[in-house]
Participant: 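This is the structure I want to talk about, given as structure tokens.
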Protein chains: 2
Amino acid sequence: MQSLFKEFEEILPLSAEESEIIESKIRFSIVKRKGFLLKEGCVCKHYTFVIKGCFKMYGVDDRGFSHNIQFAAEGDWIADIGSFYTQTASKLNIEALEYSEIYQISQPDLYWLFVEVNKVNRMFKVISESNFVEIQNRVLQNFSSTAEQRYLSFLEQYPHLSNRLPNTQIASYLGITPEFLSKIRKGLSKKGL
Amino acid sequence: MQSLFKEFEEILPLSAEESEIIESKIRFSIVKRKGFLLKEGCVCKHYTFVIKGCFKMYGVDDRGFSHNIQFAAEGDWIADIGSFYTQTASKLNIEALEYSEIYQISQPDLYWLFVEVNKVNRMFKVISESNFVEIQNRVLQNFSSTAEQRYLSFLEQYPHLSNRLPNTQIASYLGITPEFLSKIRKGLSKKGL
DNA sequence: TTTTACCCTTAACCTAGATTAAGAAATGAA
DNA sequence: TTCATTTCTTAATCTAGGTTAAGGGTAAAA
């Protein structure tokens, strides 16, 4: 369970006792490719930490098209925060893009940990906040940049994911069609990128 | 100070003592039309409650164009949550669209209140979460709907603002030009809306 | 190992929305 | 009240990105 909270431990080290309490509430689990952590209409009951593998979180519009709003790979946390905190039906799906291994904490257990181990409360506050900042920046960026610019910043921000994900998934994240992404990639390679 | 926390008081009534502690940390203030609560590059130092008037929160892209990402009118809270919680420079501006009257809590005072009055902690958690859900829904909606559909849902969601804001501000929120909004409005009025 | 399902690219054509320009109307400041 | 600043609308023209279709390539499942 080394990788969990690694970044945080550098700032806020956990005592042996705290680690033990946290570990007692965490469940290991395996998810097959195309397996779901969350389906639209269900309540998001777990916060998930990705040990190995990769997930996409996406919504489906009224014409039946999927739109990726977030990816999560090794070391990332994923949940529909809105549904998780309010325990109401989610509009989103979380699906494995590869064979994956995860840790999960259930909503009641996490709330119990918030009280028992105050550091956990602070950790998850930071996770939610950085999630918020990221999505807010995305709204701002989508307003003012072309698909090519958005693709370039995606490559910069997620270099490990760009080689690993099919372009259809990246296109869905960028809000364009795979055909247009293909056109962009062609244009970039002509420019020598 | 009646309107403050009104919705919350129905769920979580405050004792006389709690109200008094909260009130001691809240400052009343007046903002002129075109006055700023926050400027890009500054740290967001206050959470603001709108008693009267209206504000826009917006970012400026590299070509110098503004893009509204949120409005706040009577009874709403506004702050750049990312900047406020991490106390780092904001990329956003908050500007009064009209003469406005507000209450403000400073960051240190709010953190003090989080500890002293646990209900305040819960209240602001709810405020941040609903903010997050709103912005996430916007990302999803912007993926899959035309400008006309987005305008119609804006009208539904903010009926009080649609009569009150200049169309230039609404266009900026929808991510379109005022000229195109004008075209949409013409099209809708032909259809008898 | 074979079959099936998915993935990538290209190209021709199409549309939502941007841009530019310009005049009329409304609003705010003094 | 007057002047200055915004605002709204219309119309002509332009472009980023969507759509459709079709062929070849790759990876997963059986």
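In what follows, every heavy atom counts, from backbone to side chain, and hydrogens, waters and symmetry copies are set aside. Since we're looking at a predicted model, the values are computed, not measured. Below, read A as the first sequence line, B as the second, and so on, with proteins coming before strands; counting in each chain starts at 1.
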Participant: Sort out for me which residue in B:R33, B:R164, B:K56, B:K52 forms a salt bridge (charged side-chain N to carboxylate O under 4.0 Å, His left out) with B:E98.
Facilitator: B:R164

Participant: Just how far, in rounded Å, is P of C:dG17 from NE2 of B:H67?
Facilitator: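 Whole-Å distance recorded here is 16 Å.
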
Participant: May I have the distance from B:Y99 (atom OH) to C:dA29 (atom C1'), rounded to whole angstrom?
Facilitator: 17 Å

Participant: Starting at CD of A:Q169 and ending at P of C:dC8, how long is that distance when rounded to a whole Å?
Facilitator: 9 Å

Participant: B:K186 has a side chain; which of C:dG17, D:dT10, D:dG17 sits nearest to it?
Facilitator: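 It is D:dT10.
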
Participant: Starting at CZ of B:F180 and ending at P of D:dT15, how long is that distance when rounded to a whole Å?
Facilitator: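 Going from CZ in B:F180 over to P in D:dT15 covers 18 Å.
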
Participant: Taking atom NZ of B:K32 as the centre, report whether more than 12 heavy atoms of other residues, nucleotides or ligands fall under 6.0 Å from it.
Facilitator: no

Participant: Under the ring pair (Phe, Tyr, Trp, His ring centres under 6.0 Å) rule, what pairs show up with a residue in residues 167-191 of chain B, not counting sequence neighbours?
Facilitator: B:F71-B:Y173, B:F154-B:Y173

Participant: Select one nucleotide: of D:dA16, C:dA18, D:dT10, the one nearest the side-chain heavy atoms of B:K183.
Facilitator: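 Within the option list, the nearest is C:dA18.
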
Participant: Hey, is the side chain of A:R185 poking within less than 4.0 Å of OP1 or OP2 on C:dC8, counting only N and O atoms?
Facilitator: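 No, outside the criterion.
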
Participant: With A:N137, which residues qualify under side chain to side chain contact (heavy atoms under 4.5 Å, CB included), at least two apart?
Facilitator: A:V133, B:K91

Participant: Does anything in residues 153-168 of chain A reach DNA chain C, meaning a heavy atom under 4.0 Å, and if so which residues?
Facilitator: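 Of all residues in residues 153-168 of chain A, the ones placing a heavy atom under 4.0 Å from DNA chain C are A:P166, A:N167, A:T168.
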
Participant: Check whether the ring centres of A:F132 and B:Y85 lie less than 6.0 Å apart, and answer yes or no.
Facilitator: no

Participant: Quick one: A:L181 CG to C:dT10 P, roughly how many Å, whole number?
Facilitator: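 After rounding, the gap between these two atoms is 12 Å.
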
Participant: Could you tell me the separation between the CD1 atom of A:I170 and the P atom of C:dC7, rounded to a whole number of Å?
Facilitator: 12 Å

Participant: Would you mind telling me which of C:dA18, D:dG18, D:dA28 lies closest to the side-chain atoms of A:R33?
Facilitator: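 Comparing C:dA18, D:dG18, D:dA28 against the side chain of A:R33, the answer is D:dA28.
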
Participant: Closer than 4.0 Å, any side-chain N/O of B:K34 to the OP1 or OP2 of C:dG28?
Facilitator: no

Participant: So does B:T177 get a side-chain nitrogen or oxygen closer than 4.0 Å to the phosphate oxygens (OP1/OP2) of C:dA18?
Facilitator: yes

Participant: Take the protein atom CD of B:E148 and the nucleotide atom P of C:dA18, then report the distance between them rounded to whole Å.
Facilitator: 14 Å

Participant: Does D:dT19 have its OP1 or OP2 closer than 4.0 Å to a side-chain nitrogen or oxygen of A:R63?
Facilitator: yes

Participant: Mind listing the closest non-hydrogen atom pair of B:E156 and B:P159 along with its distance?
Facilitator: O-CD, 3.3 Å

Participant: Where the side chain of B:E179 is concerned, which of D:dT19, D:dT9, C:dA29 is the nearest nucleotide?
Facilitator: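 In terms of side-chain proximity for B:E179, the closest of D:dT19, D:dT9, C:dA29 is D:dT9.
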
Participant: Closest approach to the side chain of B:T146, judged atom by atom: which nucleotide of D:dG18, C:dG17, C:dC8 is it?
Facilitator: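 Output: C:dG17.
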
Participant: Once rounded to the nearest 0.5 Å, what's the spacing between atom CD1 of B:I102 and atom CD1 of B:I26?
Facilitator: 11.5 Å

Participant: How many Å lie between CD on A:E98 and P on D:dA28, as a whole number?
Facilitator: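 Answer to the nearest Å: 9 Å.
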
